[in-house]
Amino acid sequence: MDLQDFIISKTQVECYKIKGKHGMFATITLDYSGNQGRISIASDFGNWSNYWGACGSGFKNFLVGLDIHYAAGKFGEGHWFDLDKTIAGLKEMVNEDLPCDIIHDELNEEIKQLEETSNKEEFIVCMWQCKNIMRLQDGAPDISYDISPTFKSFWTKLWPAFIQTLKLEIKD
């Protein structure tokens, strides 16, 4: 290996350690310059990292303005399979006017089977066996997605403390 083949630079980062009541913690590291930067989060809710190359403002100001939906998408937490919402949608469909050859009892039985699944993969395998639901949904049942519960917990319990700290720093 020849060091001439590499560009190596050394920078300093800012590290924020947050400890909450009941043992919650997060270590948030910022590596930034001007309107670009990387945030890395290690917490008991999960670990996430993302880089923004052009924030349109100072990096800390940018972070202060993030909303949960945008951040969850960037951190890969915005497309979580929501079994409860998916089942609720199927139950709502059963209560609508159905073709007379489809029996409510059969649909409700299929929904009960789906309620017993524990993850998206299991749900989909089970769904393929639900002939009445598949027929009513034209072979493509609606699946509901949301922000992951662990990211929501991080965002509501620890992120606000971090943002308050950034706001105080920005004022100075």
Side-chain angles (χ1 to χ4, degrees), residues 1-92 114-127 137 140-172:
M1 173 172 52
D2 189 359
L3 282 178
Q4 294 175 359
D5 295 334
F6 299 93
I7 297 172
I8 299 174
S9 61
K10 182 178 174 183
T11 64
Q12 290 191 351
V13 298
E14 294 179 15
C15 184
Y16 300 81
K17 294 186 181 276
I18 303 167
K19 292 182 182 177
K21 294 179 183 177
H22 312 296
M24 297 181 298
F25 77 90
T27 300
I28 302 175
T29 306
L30 302 182
D31 183 1
Y32 66 96
S33 176
N35 69 347
Q36 61 183 0
R38 174 176 312 283
I39 184 171
S40 298
I41 302 167
S43 76
D44 58 346
F45 295 100
N47 302 310
W48 307 284
S49 180
N50 198 56
Y51 172 78
W52 286 272
C55 301
S57 65
F59 190 62
K60 289 182 179 180
N61 280 319
F62 173 76
L63 292 175
V64 166
L66 292 181
D67 73 29
I68 188 171
H69 299 284
Y70 177 78
K74 289 296 184 181
F75 291 128
E77 296 291 332
H79 200 71
W80 176 78
F81 170 64
D82 191 329
L83 176 64
D84 294 335
K85 283 185 183 176
T86 301
I87 295 295
L90 291 172
K91 286 180 177 179
E92 188 176 308
L114 292 170
E115 285 178 308
E116 294 173 9
T117 62
S118 60
N119 60 52
K120 182 180 177 183
E121 292 75 20
E122 187 180 340
F123 176 86
I124 289 173
V125 168
C126 187
M127 176 64 80
Q137 298 282 300
D142 291 332
I143 294 179
S144 295
Y145 294 95
D146 198 358
I147 297 168
S148 75
T150 54
F151 188 77
K152 283 182 184 178
S153 291
F154 166 77
W155 192 267
T156 59
K157 295 176 181 172
L158 294 176
W159 185 256
F162 173 64
I163 293 304
Q164 279 302 113
T165 301
L166 290 185
K167 285 179 178 178
L168 290 172
E169 291 177 4
I170 292 167
K171 274 205 272 188
D172 294 338

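We count residues from 1, following the sequence as given.
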Checklist outcome for this item: Residue set satisfying side chain to side chain donor-acceptor pair (under 3.5 Å) with Ser118, at least two apart, ordered chain then number -> Glu122
Item to check | Listed partners of Glu14 passing side chain to side chain donor-acceptor pair (under 3.5 Å), at least two apart | outcome: Tyr16, Tyr32, Lys60
Checklist entry - Looking at residues at least two apart in the chain, or sitting in another chain, which of them share a side chain to side chain donor-acceptor pair (under 3.5 Å) with Ser40? => result Ser49
Next on the checklist: Phe162 vs Ile41, test: side-chain contact (heavy atoms from CB on, under 4.5 Å). Steps then yes/no.
Outcome noted: CA-CA 11 Å; Phe162 173 64; Ile41 302 167; over 6 Å; no
Item to check | Residue pair Cys126 / Thr117: nearest heavy atoms and the distance that separates them | outcome: CB-CG2, 3.9 Å
Output a table of donor-acceptor pairs, distance under 3.5 Å, between side-chain atoms of residues 61-85 and any protein atom two or more places apart or on a different chain; print 'none' if there are none.
unit_1	atom_1	unit_2	atom_2	d
Asp67	OD1	His69	N	3.1
Asp67	OD1	Tyr70	N	2.8
Tyr70	OH	Trp52	NE1	2.8
Glu77	OE1	Ser148	OG	2.5
Glu77	OE2	Trp48	NE1	3.0
Asp82	OD1	Asp84	N	3.2
Asp82	OD1	Lys85	N	3.1
Lys85	NZ	Asp146	OD2	3.2

Checklist entry - Got a sec, which residues hit side chain to side chain contact (heavy atoms under 4.5 Å, CB included) with Ile8, two or more places apart in sequence or on another chain? => result Leu3, Phe6
Item to check | Heavy-atom pair of closest approach, residues Phe151 and Ile147 | outcome: CD2-CG2, 3.8 Å
Next on the checklist: Quick test of your reading: applying salt bridge (Lys or Arg N to Asp or Glu O under 4.0 Å), list the pairs with at least one residue in residues 45-59, sequence neighbours left out, ordered by first then second residue.
Outcome noted: none
Checklist entry - Are any non-hydrogen side-chain atoms of Met127 and Thr86 less than 4.5 angstrom apart? => result no
Can you give me every donor-acceptor pair (side chain of residues 19-30, partner residue at least two apart or in another chain, under 3.5 Å) with its distance?
none

Item to check | Residue list, side chain to side chain donor-acceptor pair (under 3.5 Å) with Gln36, at least two apart or on another chain | outcome: Tyr51
Checklist entry - In Å and rounded to the nearest 0.5 Å, what is the CD1 to NZ distance from Ile18 to Lys157? => result 14.5 Å
Checklist entry - Between Trp159 and Trp155, what is the ring plane arrangement, given parallel below 30°, perpendicular above 60°, and tilted in between? => result parallel
Item to check | Residue pairs involving residues 27-42 (criterion salt bridge (Lys or Arg N to Asp or Glu O under 4.0 Å); sequence neighbours excluded) | outcome: none
Checklist entry - Got a sec, which residues hit side chain to side chain contact (heavy atoms under 4.5 Å, CB included) with Glu115, two or more places apart in sequence or on another chain? => result Ile87, Lys91, Ile111, Lys112
Checklist entry - Hey, what do you get for CD1 (Ile163) to CG (Leu168), rounding to the nearest 0.5 Å? => result 11.5 Å
